[in-house]
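Labels below follow one simple rule: chain letters A, B, ... track the order of the sequence lines, proteins then strands, and each chain is numbered from 1. If you're wondering where the values come from, they're calculated on a predicted model, not measured in any experiment.
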There are 2 protein chains.
Amino acid sequence: MVTVSSGRRPGRPAGGKQVVDRELVLDAAERAIRRDGPLVSLEAIALEAGVTKPVIYARIGGRTELSNALSARLAERIVQSVLSAIAGQPVGRSALVLFLAANLETVAANRELFLYATGGSSDDSPQRSLYLASQSAAPLAAQLGQWRTATGHDPAVAEAWSYAIVGMLQLTSLWWLNQVELTAHGLAEQLAELLWSGLRTPPIA
Amino acid sequence: MVTVSSGRRPGRPAGGKQVVDRELVLDAAERAIRRDGPLVSLEAIALEAGVTKPVIYARIGGRTELSNALSARLAERIVQSVLSAIAGQPVGRSALVLFLAANLETVAANRELFLYATGGSSDDSPQRSLYLASQSAAPLAAQLGQWRTATGHDPAVAEAWSYAIVGMLQLTSLWWLNQVELTAHGLAEQLAELLWSGLRTPPIA
DNA sequence: AGCGCATACGTACCTACAGTACGTTTACCC
DNA sequence: GGGTAAACGTACTGTAGGTACGTATGCGCT
């Protein structure tokens with residue numbers, strides 16, 4: 001591909017202000033990902049933002065940081081959505097369903113971004129995947145630990161359990177997004193059944 | 001980097017036999033990954049195998065297929081390890097612990113390969129991640145469905161549950177590999193507690 | 001007002017790597 | 001013994017991440 005000319009001439013732009021700030025770059029990156037899939041190039045993102053690559057590097061700092069920033073965005077959307085879904089609800093199975101459904105719906109609403117975040121780039125993505133997961137897992141672990149203590153149980157399992165639940169949601173979402181024969185609520189019910197009651201369901205007989 | 005000269009001259013090798021076959025290429029790829037991390041180049045793998053890139057393409061067929069083949073290898077090792085661990089065991093919590101521990105131990109024994117398989121490359125890795133997961137999830141779903149039916153429950157949840165369990169193990173493994181303050185058996189116990197009894201643990205009081 | 005320095009860019013380049021066209025050597029078969 | 005197929009390395013192309021450098025504008029200082 002020929003080098004993209006951005007239509008502007010070199011030099012500081014008239015007005016003395018930055019043409020785009022960090023948030024606008026991330027917005028452009030999201031649009032580019034939605035349009036071109038998880039494999040977008042930095043140049044395509046820069047073009048979408050109306051600037052050139054060095055500006056991306058000045059605002060964000062390379063492909064790794066871009067991936068981290070976008071993953072953090074998605075994680076925060078999920079956390080916010082989940083928090084508002086279970087606000088005021090007593091701990092219990094129905095709250096768990098709300099938690100799971102809110103998570104699934106947010107993922108579906110940010111489909112391309114989710115696919116990008118879960119392994120789209122070429123970086124040390126195991127590390128990033130873990131980083132993304134920890135953003136969701138950390139608040140969950142805090143809640144879980146607190147609840148375990150309140151009900152008289154050992155809170156030591158909270159961290160492992162939170163990663164377990166986040167991992168369960170991650171892969172299940174990926175699977176779900178490629179099959180769609182199930183509503184978010186339907187899948188949330190199935191997962192809630194496993195998480196709340198466990199495999200140890202006694203025989204009907 | 002300069003083009004790697006492999007020491008051999010062009011032309012069909014004396015003896016008329018292939019210098020390396022598909023399995024040897026995959027072995028070399030594993031060694032290269034163990035040595036250089038998940039970001040190894042195809043050239044480095046070719047060098048490790050003692051051949052050049054076009055041979056890799058002839059045997060395997062590009063980066064995507066290489067990733068798939070390596071992921072399939074890991075998946076099969078995990079499945080085999082798990083099957084031999086629970087062979088002859090009655091369904092129950094202790095069998096679940098064995099299942100989880102065998103899974104974790106195999107992942108730990110193939111650390112670099114696992115990191116490579118869970119997002120190391122630059123391809124459509126969401127698809128590959130799902131492909132890898134399905135290799136573990138499919139047999140699990142069959143067992144789960146069978147067991148659900150045998151105990152008089154709806155087997156429709158089996159597929160979602162199997163992906164849930166595999167995803168749980170995937171992310172938990174990733175987290176565990178970066179912290180190591182827990183034995184495989186210890187973590188397996190914590191996960192078994194969640195999976196077997198669920199969150200609905202009644203208050204002690 | 002005019003001069004210098006910091007700021008905010010785009011252009012053009014370098015490098016690395018996936019993927020491929022082509023030539024070269026050996027084996028096999030009639 | 002000659003021709004074809006198999007097996008392989010060399011050398012190239014395209015693309016994408018990352019960077020050095022030149023250029024135009026704003027701002028403070030004299």
Side-chain angles (χ1 to χ4, degrees), chain A residues 1-22 24-25 28-29 32-33 36-69 116 120-125 128, chain B residues 1-22 24-25 28-29 32-33 36-70 120-125 128:
Chain A
M1 185 191 296
V2 262
T3 307
V4 182
S5 79
S6 70
R8 285 186 59 253
R9 294 191 332 209
R12 181 168 181 165
K17 204 52 178 38
Q18 287 180 356
V19 169
V20 295
D21 67 349
R22 182 185 164 95
L24 288 180
V25 170
I33 288 172
D36 300 345
L39 298 176
V40 223
S41 70
L42 278 183
E43 282 215 5
I45 292 174
L47 183 63
E48 174 71 35
V51 290
T52 51
K53 272 192 296 177
V55 174
I56 308 285
Y57 280 83
R59 299 286 178 281
I60 313 283
R63 183 114 188 146
T64 304
E65 282 75 21
L66 176 66
S67 300
N68 284 341
Y116 174 85
S121 110
S122 63
D123 285 316
D124 40 17
S125 64
R128 184 164 46 77
Chain B
M1 186 190 293
V2 263
T3 306
V4 182
S5 79
S6 69
R8 286 188 59 256
R9 294 186 335 205
R12 181 169 181 163
K17 205 52 179 33
Q18 287 180 354
V19 169
V20 295
D21 68 349
R22 185 185 161 93
L24 287 180
V25 169
I33 288 172
D36 299 346
L39 298 176
V40 222
S41 71
L42 279 183
E43 283 214 6
I45 291 174
L47 183 63
E48 174 71 35
V51 290
T52 52
K53 270 193 296 178
V55 174
I56 308 286
Y57 281 83
R59 301 285 177 282
I60 314 282
R63 182 111 188 148
T64 305
E65 282 75 20
L66 176 65
S67 300
N68 285 341
L70 289 177
S121 112
S122 64
D123 285 316
D124 40 16
S125 64
R128 184 163 47 78

Open item on the list: If you only use heavy atoms from C-beta on, which nucleotide in D/dC8, C/dG10, C/dT26 is closest to the side chain of A/Pro54?
Closed with: C/dG10

Task: Contact under 4.0 Å: B/Arg9 side-chain N or O vs C/dT25 OP1/OP2 - done: no

Task: Listed nucleotide nearest any side-chain atom of B/Lys53, set D/dG9, D/dG17, C/dG19 - done: C/dG19

Task: A/Ala14, nearest nucleotide to its side chain (from C/dT25, C/dG10, D/dG26) - done: D/dG26

Task: Options D/dG9, C/dT20, D/dG17, nucleotide nearest the side-chain atoms of B/Val51 - done: D/dG9

TODO: Can you measure from CG (B/Leu24) to CZ (B/Arg22) and round to the nearest 0.5 angstrom?
DONE: 12.0 Å

Task: Residue met sooner reading DNA chain C from 5', once A/Val55 and B/Gly62 are mapped to nucleotides - done: A/Val55

TODO: List the atom of A/Ala32, the atom of A/Ile45, and the distance in Å for their closest heavy-atom pair.
DONE: CB-CG1, 3.9 Å

Open item on the list: Just the rounded figure in Å: distance from P of D/dA7 to CG of B/Asp21.
Closed with: 12 Å

Open item on the list: So which atom in A/Val25 and which in A/Ile56 form the shortest heavy-atom distance, rounded to 0.1 Å?
Closed with: CG1-CD1, 3.8 Å

Task: Side-chain touch B/Thr64/B/Arg128, heavy atoms, less than 4.5 angstrom - done: no

- [ ] State whether A/Arg8 places a side-chain N or O below 4.0 Å from either non-bridging phosphate oxygen (OP1 or OP2) of C/dG10.
- [x] yes

TODO: Could you tell me the separation between the CG atom of A/Leu24 and the P atom of C/dC9, rounded to a whole number of Å?
DONE: 11 Å

Open item on the list: In whole Å, I'd like the distance from the CZ atom of B/Arg63 to the C1' atom of C/dT20.
Closed with: 17 Å

- [ ] Measure from CD on A/Glu65 to C1' on D/dG18 and round the result to the nearest Å.
- [x] 12 Å

Task: Rounded distance in Å - CD1 (B/Ile45) to P (C/dC17) - done: 11 Å

TODO: Please determine, for the side chain of A/Ser41, which listed nucleotide (C/dG10, D/dG9, D/dA16) has the closest atom?
DONE: D/dA16

TODO: Would you mind telling me which residue lines up with the more 5' stretch of DNA chain C, A/Val20 or B/Val40, judged by nearest nucleotide?
DONE: A/Val20

Task: Side chain of A/Pro10 - closest among C/dT11, D/dG9, C/dA18 - done: C/dT11

- [ ] Give the nucleotide from the list C/dC9, D/dG17, C/dG19 with an atom nearest to the side chain of A/Arg59.
- [x] C/dC9

Open item on the list: Measure CD/B/Glu43 against C1'/D/dC12 and give the value in whole Å, please.
Closed with: 12 Å

Open item on the list: If I take atom CG in residue B/Leu66 and atom C1' in nucleotide C/dG19, what distance separates them, rounded to the nearest angstrom?
Closed with: 14 Å

Open item on the list: Is the shortest side-chain heavy-atom distance between A/Tyr116 and A/Val40 below 4.5 Å?
Closed with: no

TODO: Mind calculating the distance between CD1 (B/Ile56) and P (C/dC17) to the nearest angstrom?
DONE: 15 Å

